[in-house]
Amino acid sequence: MRVLIAPDKFAGTLTAVEAAAAIEEGWRRRDPEAVVLVAPMADGGPGFIDVLAAVVDGTLLSVTVRGPLGDEVPATVLVAGETAYIETAQACGLHLVEVADRRPEDGSTYGVGQLIGAAVDAGAKRIILGLGGSGTNDAGAGLLAALGATSEGGSLEAGATGLATLTAVDLEPARSRLAGVEFVAASDVENPMLGLRGATNIFGTQKGIADERKPAVDGYLTQFAELAGRKTADQKGAGAAGGLGYALLLLGAERVSGIDLVAGLTGLETKAKQVDLVLTGEGAFDFQSRDGKVISGVAKVANDAMRPCVVLAGKVQIGAREMRTMGVESAYSLVDAVGEDQAFADPHGSLATVAERVARTWAR
């Protein structure tokens, strides 16, 4: 039996690399002679650099940058020749702030700009940024400030609240510093930055923005957009990572699918054609999994190769009809198999147990 294991992270419990190892361990308990290909996945969010560092011939540059609330945090830039890869969540990720301390209206993407600066100083002429998992909602204003942009009447470095009183914004210093540098924004989000489908209204809740605050915060971002470039705010992907996509589009970035980018770099299509079965997974297999996430991307590759795709997930919250629409043959839940307490207490062991059960059904 030839099997391809290509999971996303299981948020809060396992990285994509760790999840792949657990699935392989469980499968081999039932089918020790299997030929197993492993390709951990990411869609641009947390884990982006870990996944790419395993397949891209480059070096990791260690950098200390400003976190979302101003504390210094460690981060890495993957440098391969004149191309650099950045995981924006390392500087502005939701995971960097304890739940009780979250102040999304004050969170800044300044550290992402510092990562870009470090990449440029290292000689990068092409910078690919993975967007996702952010805890900020500042329209990328902090990023722009770190690269030299200036303002009047407010602050680009103080999160969304700093944008409320802006009277002028000058992006030219940032653009001048980045002259000759190509940007690629890798994201699974196509939302614009403003309005009912924008960054604040769609993604604000998970970052801690109360419903009653959303109109005001959206207004802060609107004020910034009126000064920096209103049309750009309506482009697809401008709302990614709390508007970080907007700032990158202002700098001329090309937007691409994060999962498609990672799939290409890891050779997922070629590997899928070499196996009998494709296994993927993530923490929660739900309706959000359909929209540019790892599971949907892997399932598409598997279907194009005419191979069955099976999902292993912490929780399965999607029905059989929706699965089939995505190209998924079947899905297995850790919580259903071992219980929620055990799934969180021993995620590696629980995932391996479920993988062994999958092998009982699918191994030849």
Side-chain angles (χ1 to χ4, degrees), residues 4-9 14-21 23-24 36-65 73-93 111-134 178 180-188 240-241 244-245 248 251 253-275 278 280 282 292-294 297-298 300-301:
L4 170 60
I5 301 174
D8 194 0
K9 65 187 177 300
L14 296 170
T15 67
V17 174
E18 291 168 342
I23 294 171
E24 180 176 6
V36 177
L37 303 182
V38 177
M41 289 285 110
D43 56 19
F48 184 68
I49 291 296
D50 285 344
V51 167
L52 294 187
V55 295
V56 172
D57 185 14
T59 58
L60 289 172
L61 173 66
S62 296
V63 188
T64 298
V65 299
V73 296
T76 53
V77 177
L78 176 59
V79 181
E82 293 189 340
T83 298
Y85 299 87
I86 290 173
E87 180 183 312
T88 61
Q90 291 189 357
C92 69
V112 181
Q114 291 177 301
L115 287 175
I116 292 173
V120 172
D121 291 343
K125 297 298 183 183
R126 185 171 187 253
I127 300 177
I128 300 173
L129 300 101
L131 276 62
S134 75
L178 301 172
V181 178
E182 176 188 354
F183 285 93
V184 177
S187 168
D188 63 336
L244 191 55
L248 294 172
L251 296 175
E254 173 193 4
R255 189 185 68 83
V256 301
S257 162
I259 179 59
D260 288 351
L261 174 78
V262 174
L265 289 170
T266 58
L268 189 68
E269 181 178 343
T270 298
K271 291 175 179 176
K273 293 176 181 178
Q274 297 172 347
V275 299
V278 177
T280 185
E282 62 179 341
K293 298 288 188 178
V294 165
V298 173
K300 181 181 183 302
V301 170

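Quick note: numbers below take in every heavy atom, side chains included, and nothing from hydrogens, waters or symmetry partners.
Inter-residue side-chain proximity for I86 and L78 is flagged as unmet; no heavy-atom pair is nearer than 4.5 Å. Looking at T83 and I128, their side chains come closer than 4.5 Å, going by heavy atoms from C-beta outward.
In this structure A240 satisfies the side-chain contact (heavy atoms from CB on, under 4.5 Å) test together with L131, S187, V189, sequence neighbours excluded. Residues meeting the side chain to side chain donor-acceptor pair (under 3.5 Å) test with S134, sequence neighbours left out: K207. E24 meets the side-chain contact (heavy atoms from CB on, under 4.5 Å) test with I5, R28, V36, V38; sequence neighbours excluded. Here V275 pairs with R2, L4, L37, V278 under the side-chain contact (heavy atoms from CB on, under 4.5 Å) rule; sequence neighbours left out. Shown here are the side-chain contact (heavy atoms from CB on, under 4.5 Å) partners of T76, two or more places apart in sequence or in another chain: I49, L60, S62, Q90.
Every pair passing side chain to side chain donor-acceptor pair (under 3.5 Å) that includes a residue from residues 113-129 is listed here, sequence neighbours excluded: R126-E182. Evaluation of the salt bridge (charged side-chain N to carboxylate O under 4.0 Å, His left out) test over residues 45-59, restricted to residues two or more places apart or in two chains, returns none.
When all heavy atoms are compared, the tightest approach of G130 to T88 is O-OG1, 2.9 Å. Taking both residues in full, the closest heavy atoms of A80 and V56 are given as CB-CG1, 3.7 Å, listed atom of the first, atom of the second, then distance. Contact detail for V51 and A16: the closest heavy-atom pair is CG2-CB, 4.1 Å. In terms of heavy atoms, A84 sits closest to A119 at CB-CB, 3.7 Å. When every heavy atom of L61 is checked against every heavy atom of A122, the shortest pair comes out as CD2-CB, 4.2 Å. The heavy-atom pair separating A20 from P7 by the smallest distance is N-CG, 3.6 Å.
Of the candidates V112, V65, V73, V112 is the only one forming a side chain to side chain contact (heavy atoms under 4.5 Å, CB included) with C92.
No side-chain donor-acceptor contact under 3.5 Å links E87 to the backbone of G44. With hydrogens and angles ignored, the 3.5 Å screen pairs a side-chain donor or acceptor of T280 with a backbone N or O of A6.
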Distance-only check: which donor-acceptor pairs under 3.5 Å involve side-chain atoms of residues 259-274, not counting sequence neighbours?
from	atom 1	to	atom 2	distance (Å)
T266	OG1	V262	O	2.8
T266	OG1	A263	O	3.3
K271	NZ	T266	O	3.2

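From L129, atom CG reaches atom CG of L115 across 8.5 Å, with rounding to the nearest 0.5 Å. Interatomic distance, CZ of F183 versus CG of L251, reported as 5.5 Å (0.5 Å rounding).
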